[in-house]
2 protein chains.
Amino acid sequence: MKKTRVTITDIARELNIAPSTVSRALKDHPALKRETKQAVKALAKKLDYRPNLLALNLLQKKSNTIGVIVPEITSHFFSAIITGIQDVIGTSDYNIIICLSNESYDEEMTIVDKLSKIQVDGVLVSPSSETNNFDHLVRLQKSGIPVVVFDRDCPGLESDKVLVDDYSGAFQAVEYLIRSGCKKIAHLSGPINLSTAKHRLQGYLDALENNNMPIQKEYIVHVPGFSHKDGLKPTKKLLKLKDPPDAIFATNDNIAISAMHIAEKLEFRIPEDISIVGFDDQPNSSYVTPSLSTVWQPVYSIGMLSARILLHHLEEEDTKIGFRKEIFKPELVIRKSSKKI
Amino acid sequence: MKKTRVTITDIARELNIAPSTVSRALKDHPALKRETKQAVKALAKKLDYRPNLLALNLLQKKSNTIGVIVPEITSHFFSAIITGIQDVIGTSDYNIIICLSNESYDEEMTIVDKLSKIQVDGVLVSPSSETNNFDHLVRLQKSGIPVVVFDRDCPGLESDKVLVDDYSGAFQAVEYLIRSGCKKIAHLSGPINLSTAKHRLQGYLDALENNNMPIQKEYIVHVPGFSHKDGLKPTKKLLKLKDPPDAIFATNDNIAISAMHIAEKLEFRIPEDISIVGFDDQPNSSYVTPSLSTVWQPVYSIGMLSARILLHHLEEEDTKIGFRKEIFKPELVIRKSSKKI
DNA sequence: AAAGACCATGCAAAGGTTTGCATAAATAAA
DNA sequence: TTTATTTATGCAAACCTTTGCATGGTCTTT
């Protein structure tokens with residue numbers, strides 16, 4: 001059963017030539033006679049020779065593999081980014097190993113260790129919400145593995161970065177709510193350790209301040225995670241205030257949708273009694289009722305660009321021209337869950 | 001900059017012993033003197049020796065890598081399965097390479113070719129909706145690579161399989177619709193090439209027949225894909241019939257949600273005028289309004305079990321006890337998009 | 001005819017680890 | 001003291017491919 005693969009030596013033996021000649025023939029080395037090349041190629045084809053990449057890896061000391069570290073994969077956000085990464089890397093000779101940190105710093109460390117063990121050639125990473133020490137990434141860099149950070153920033157880490165202007169997205173959303181006449185705008189904020197959550201919160205705060213609106217502490221509630229269920233209690237808390245908000249800007253679409261859910265249960269009319277705006281523009285957000293106003297971000301492009309930057313590094317490692325920092329602009333998409341201006 | 005790794009030979013040289021002795025010392029070979037082992041281990045630690053897996057791969061002729069082929073990753077369905085796979089494989093020494101076929105037979109072939117080139121040790125695959133020839137998978141098997149098929153069956157292929165009883169899920173859903181008083185039940189069916197779509201359609205047909213209900217051809221419409229937009233036109237077609245259905249059983253939740261969307265636009269009341277039932281039970285399905293009745297399937301478990309079966313094969317390849325075929329039972333979840341019985 | 005130039009191919013090392021077999025040293029038995 | 005036995009370690013091959021250098025041969029030039 002154990003089909004043993006045909007090697008270059010097998011071909012050499014059969015043709016009574018040296019393995020090195022076979023190797024060169026297969027790569028069209030100019031110094032070889034045409035007939036030799038042809039003979040080798042013909043036999044290689046006949047024998048179904050396939051180069052042993054494992055041997056090549058050892059020789060070149062590289063695994064031709066890229067590690068991708070994401071907190072999770074079930075959200076549309078990260079799965080779309082990964083699709084973008086795949087679509088770029090797929091055309092190269094690299095393979096992708098996707099690793100899930102489950103929003104855990106410890107798991108992230110374990111993953112980095114594993115990736116370094118298997119000698120990946122580069123790493124794309126969006127850190128967990130628990131991570132605020134980036135020594136493990138520095139260690140990667142020090143061992144010569146380029147690191148590209150995407151979406152979630154790693155403050156203090158010097159590396160290539162592909163980010164989104166979360167501040168601007170939040171600012172746009174809140175400013176729009178203000179213009180539409182909302183006076184009491186609440187924010188369901190993400191885990192504060194996260195750069196994205198931090199910037200969205202700041203955008204919210206600045207938009208209010210910019211418009212001379214008061215900032216009310218009880219209108220800012222943090223959600224523990226990013227799935228629907230994480231938004232339920234915080235929303236209830238908001239809506240059961242003596243003076244409930246007339247608008248909610250949620251840190252992402254899932255949270256916004258569960259806010260809508262709770263609001264409807266508590267008999268708030270959307271958007272008449274309360275406007276709700278999310279962040280992400282997941283595909284299903286336009287299909288909920290009322291359809292969700294939200295901040296779109298170019299997920300697929302984030303993945304593609306990150307991958308391209310890494311690939312660029314890998315392919316011409318001579319030119320060290322410092323690190324790139326790319327920031328995508330998100331865009332407000334107005335639908336039916338918020339009042340018209 | 002190029003930190004060259006510490007090798008076993010470096011340690012050997014420093015200690016004036018043979019590399020083989022170092023190797024054995026690190027694996028606690030019984031024939032070695034305790035002192036030798038200790039000295040080696042101490043130095044290994046001091047020098048931060050890390051075994052070169054690339055070399056091991058070549059020696060053992062295996063890459064310690066598992067290929068996972070899925071049509072896409074942005075749906076909750078496949079991303080949850082992948083999470084299950086990861087959670088199982090993550091505890092082993094294997095790495096996972098996830099490949100997206102984009103529902104294309106050609107891309108699937110290319111992927112299989114690539115995986116075989118890099119000598120993966122096993123493959124988990126859910127075929128594209130275009131695939132109905134499985135020779136590429138047979139080729140993998142013939143070259144000694146075990147294949148586990150999940151969710152979407154490959155009829156005629158002899159391999160391990162982890163499937164869902166789609167027939168039963170559909171039957172339950174349609175029978176429930178009948179009991180709730182619906183007389184004109186339509187089906188938004190998936191691409192007919194897919195085993196899952198086929199079985200769901202059959203469940204639909206048999207449930208009708210079993211209850212002496214007529215089967216009306218115009219009530220069966222195929223959707224081209226599985227995302228929201230794919231359900232829009234087919235739903236319109238159904239609802240604009242002179243005699244529109246009073247229930248729709250959709251082949252998945254996304255399609256069901258876009259059916260709800262269209263129904264509301266056309267001023268059908270849900271569920272009074274029309275009941276809608278989906279398939280999958282994605283997390284957001286309970287957050288749409290009205291919440292979606294659907295057929296739940298154990299996505300995470302599908303991933304875990306598939307991975308376990310493959311791992312089992314890899315770890316004791318001696319015992320060839322034929323192929324396993326595991327079939328999960330789905331369950332109907334009744335919410336608000338369908339009438340109560 | 002001798003020297004130089006060129007062409008086609010082979011040799012051998014390198015990459016890091018494992019492992020069966022051999023060997024050396026030390027101890028026990030005769 | 002010699003032989004048998006054990007104990008601890010080393011040698012070298014194997015995994016497969018690539019590549020700098022060397023070699024042998026043919027051809028051209030003087």
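Just so you know, these numbers come straight off a predicted model, no measurement behind them. Hydrogens, waters and symmetry mates are skipped; everything else that's a heavy atom, side chains included, is used. Order of the sequence lines fixes the chain letters, A, B, ..., with proteins taken first and strands second; residue numbering starts at 1 for each chain.
One interatomic measurement links the two molecules: CD of Q38(A) to C1' of dT9(C), which rounds to 17 Å at whole-angstrom precision. Distance L53(B) CG to dT18(C) P: 10 Å, rounded to the nearest Å. Atom CZ of R5(B) and atom P of dT17(C) are 9 Å apart (whole Å). Atom CG of N52(A) and atom P of dG15(C) are 19 Å apart (whole Å). Taking atom CG of residue N64(A) and atom P of nucleotide dT17(D), one finds them 15 Å apart after rounding to whole Å. If you measure from atom CD of E35(B) to atom C1' of dA26(C), you get 14 Å, rounded to the nearest angstrom. Between the CG atom of L56(B) and the P atom of dG15(C) there is a distance of 17 Å, rounded to whole Å. For the pair Q60(B) CD and dT17(C) C1', the computed distance is 9 Å after rounding to whole Å.
If you check dT17(C), dG10(D), dT9(D) against the side chain of Y49(B), the one that comes closest is dT17(C). For T7(A), whose side chain is taken as the heavy atoms from C-beta onward, the closest listed nucleotide among dT18(D), dT17(D), dG10(D) is dT17(D). Taking only side-chain atoms of A55(B), from C-beta outward, the nucleotide of dT9(C), dT9(D), dT17(C) with the closest atom is dT17(C).
A salt bridge does not link K142(A) with E158(A): every distance from a Lys NZ or Arg NE/NH1/NH2 to an Asp or Glu carboxylate oxygen is 4.0 Å or more. Of the charged side-chain nitrogens involved, at least one lies within less than 4.0 Å of a carboxylate oxygen, so that D113(B) and R50(A) count as a salt-bridged pair. Ion pairing between E103(B) and R152(B) holds under the 4.0 Å rule for side-chain N and carboxylate O.
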**Worked check of salt bridge (charged side-chain N to carboxylate O under 4.0 Å, His left out) between D153(A) and K161(A)** = CA-CA 7 Å; D153(A) 195 9; K161(A) 296 182 175 180; 3.0 Å; yes

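Within 4.0 Å of N57(A), counting heavy atoms only, lies no atom of the nucleic acid at all. Using a 4.0 Å heavy-atom cutoff across all strands shown, L58(A) reaches at least one base atom of the nucleic acid. Within 4.0 Å of N16(B), counting heavy atoms only, lie sugar-phosphate atoms of the nucleic acid but no base atom. L54(B) comes within 4.0 angstrom of no nucleic acid atom, judged by non-hydrogen atoms across all strands.
For the pair R34(A) and S20(B), nearest-nucleotide mapping onto DNA chain C gives the more 5' position to R34(A). Mapped onto DNA chain D by nearest heavy atom, K61(B) and I17(B) fall at different nucleotides, with I17(B) at the one closer to the 5' end. Each of L26(A) and L59(B) has a nearest nucleotide on DNA chain D; the 5'-most of these lies closest to L59(B).
Taking 4.0 angstrom as the limit, K33(A) places none of its side-chain polar atoms (N or O) nearer than this to OP1 or OP2 of dC7(C). Side-chain N/O atoms of T36(B) include one lying less than 4.0 angstrom from OP1 or OP2 on dT9(D). Dashed line: the shortest gap from a side-chain N or O of T9(A) to OP1 or OP2 of dC16(D) is not under 4.0 Å.
Considering every non-hydrogen atom in both S101(A) and E107(A), the closest pair reads O-CB, 3.5 Å.
Between F323(B) and H313(B), the ring-plane angle classifies as tilted under the 30° and 60° cut-offs.
Checked by distance alone, R24(A) brings a side-chain donor or acceptor within 3.5 Å of a matching partner on the base of dG10(C).
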